[in-house]
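To start, the structure under review is shown below, and the notes come after it.
Along the sequence shown, the residues carry numbers beginning at 1. It should be emphasised that the depicted structure is a prediction, and the values quoted were computed from it without experimental measurement.
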Amino acid sequence: MNIEQAKEIVISAINTALEGKAVITEDMQLIGGESLLDSMKLVEVCLALEDLADKHGFEFDWTSEAAMSKSRSMFRSVAALAEEFANQSEV
């Protein structure tokens, strides 16, 4: 899966979690004070991505130590999450 496909999938999952009530951009923060997602919505997004990964034939792991690191977390932004999703699809 390429990065553009991954971005579309991630944006769609976030849009569903937020019920279409926000404009999703690539640089939108997913964690921290600026995030539109609370912890439950973030988990909802991750579970949706797990399901979508399964449909694409791979396992999406969003629980690693790197995921929880502030400096290199896949949850820094929409683009970072999409990049990680695409990377995991290639393994």
Side-chain angles (χ1 to χ4, degrees):
M1 168 181 312
N2 69 40
I3 189 69
E4 292 306 316
Q5 291 170 312
K7 283 179 190 173
E8 287 178 25
I9 290 169
V10 168
I11 288 171
S12 176
I14 294 168
N15 196 39
T16 299
L18 292 175
E19 301 171 346
K21 295 178 182 173
V23 175
I24 313 302
T25 63
E26 289 183 28
D27 60 344
M28 183 180 116
Q29 277 189 309
L30 300 179
I31 56 174
E34 301 294 316
S35 177
L36 297 176
L37 297 169
D38 62 20
S39 57
M40 291 302 293
K41 291 291 185 187
L42 184 59
V43 169
E44 186 179 319
V45 168
C46 291
L47 292 174
L49 291 175
E50 276 186 354
D51 290 342
L52 291 163
D54 190 48
K55 289 179 183 176
H56 284 87
F58 70 98
E59 189 173 318
F60 179 61
D61 179 16
W62 52 277
T63 61
S64 68
E65 277 186 45
M68 301 307 156
S69 163
K70 277 190 177 184
S71 63
R72 54 183 216 271
S73 171
M74 71 175 84
F75 301 117
R76 290 185 320 272
S77 67
V78 171
L81 182 56
E83 182 178 341
E84 181 62 25
F85 192 77
N87 288 343
Q88 289 189 28
S89 76
E90 303 298 321
V91 176

Query raised in the report: Is it the case that one hydrophobic cluster holds both F58 and I3, taking links as side-chain heavy atoms less than 4.5 Å apart, direct or via other members?
Result: no
Query raised in the report: How close do M1 and I9 get, heavy atom to heavy atom, and via which atoms?
Result: CE-CD1, 3.8 Å
**Report entry** Reported CG-to-CD1 distance for the pair L18 and I24, which is rounded to 0.5 angstrom
**Finding:** 5.0 Å
Query raised in the report: Would you find more than 12 non-hydrogen atoms of other residues, nucleotides or ligands less than 6.0 Å from E90 atom CD?
Result: yes
Requested in this report: Using side-chain contact (heavy atoms from CB on, under 4.5 Å) as the criterion, list what pairs up with E8, not counting sequence neighbours.
Outcome: none
Hey, can you pull the donor-acceptor pairs under 3.5 Å for the side chains in residues 31-40, sequence neighbours left out?
| residue | atom | partner | partner atom | Å |
| --- | --- | --- | --- | --- |
| S35 | OG | L30 | O | 2.9 |
| S35 | OG | L37 | N | 3.0 |
| S35 | OG | L37 | O | 3.1 |
| D38 | OD1 | M40 | N | 3.2 |
| D38 | OD1 | K41 | N | 2.8 |

Taking distance alone, no hydrogens or angles, what donor-acceptor pairs closer than 3.5 Å link side-chain atoms of residues 82-89 to residues at least two apart or in another chain?
| residue | atom | partner | partner atom | Å |
| --- | --- | --- | --- | --- |
| E84 | OE2 | Q88 | NE2 | 2.8 |
| N87 | ND2 | E83 | O | 3.4 |
| Q88 | OE1 | D61 | N | 2.6 |
| Q88 | NE2 | D61 | O | 3.0 |
| S89 | OG | A86 | O | 2.6 |

Query raised in the report: Could you give the distance from CD1 (I14) to CG (L42), rounded to the nearest 0.5 Å?
Result: 8.5 Å
Requested in this report: Taking side-chain hydrogen bond (donor to acceptor under 3.5 Å, both in side chains) as the test, write out the residues that go with T25, two or more places apart.
Outcome: D27
Report summary line: Shortest non-hydrogen pair, V23 vs M28, comes out as O-SD, 4.3 Å
Requested in this report: Check M74 against F60 and note the closest heavy-atom contact, atom names and distance.
Outcome: SD-CZ, 3.8 Å
Query raised in the report: What pairs with E26 under salt bridge (charged side-chain N to carboxylate O under 4.0 Å, His left out), at least two apart in sequence or on another chain?
Result: K7
Requested in this report: Output all residues satisfying side-chain hydrogen bond (donor to acceptor under 3.5 Å, both in side chains) with K55, sequence neighbours left out; order by chain, then residue number.
Outcome: none
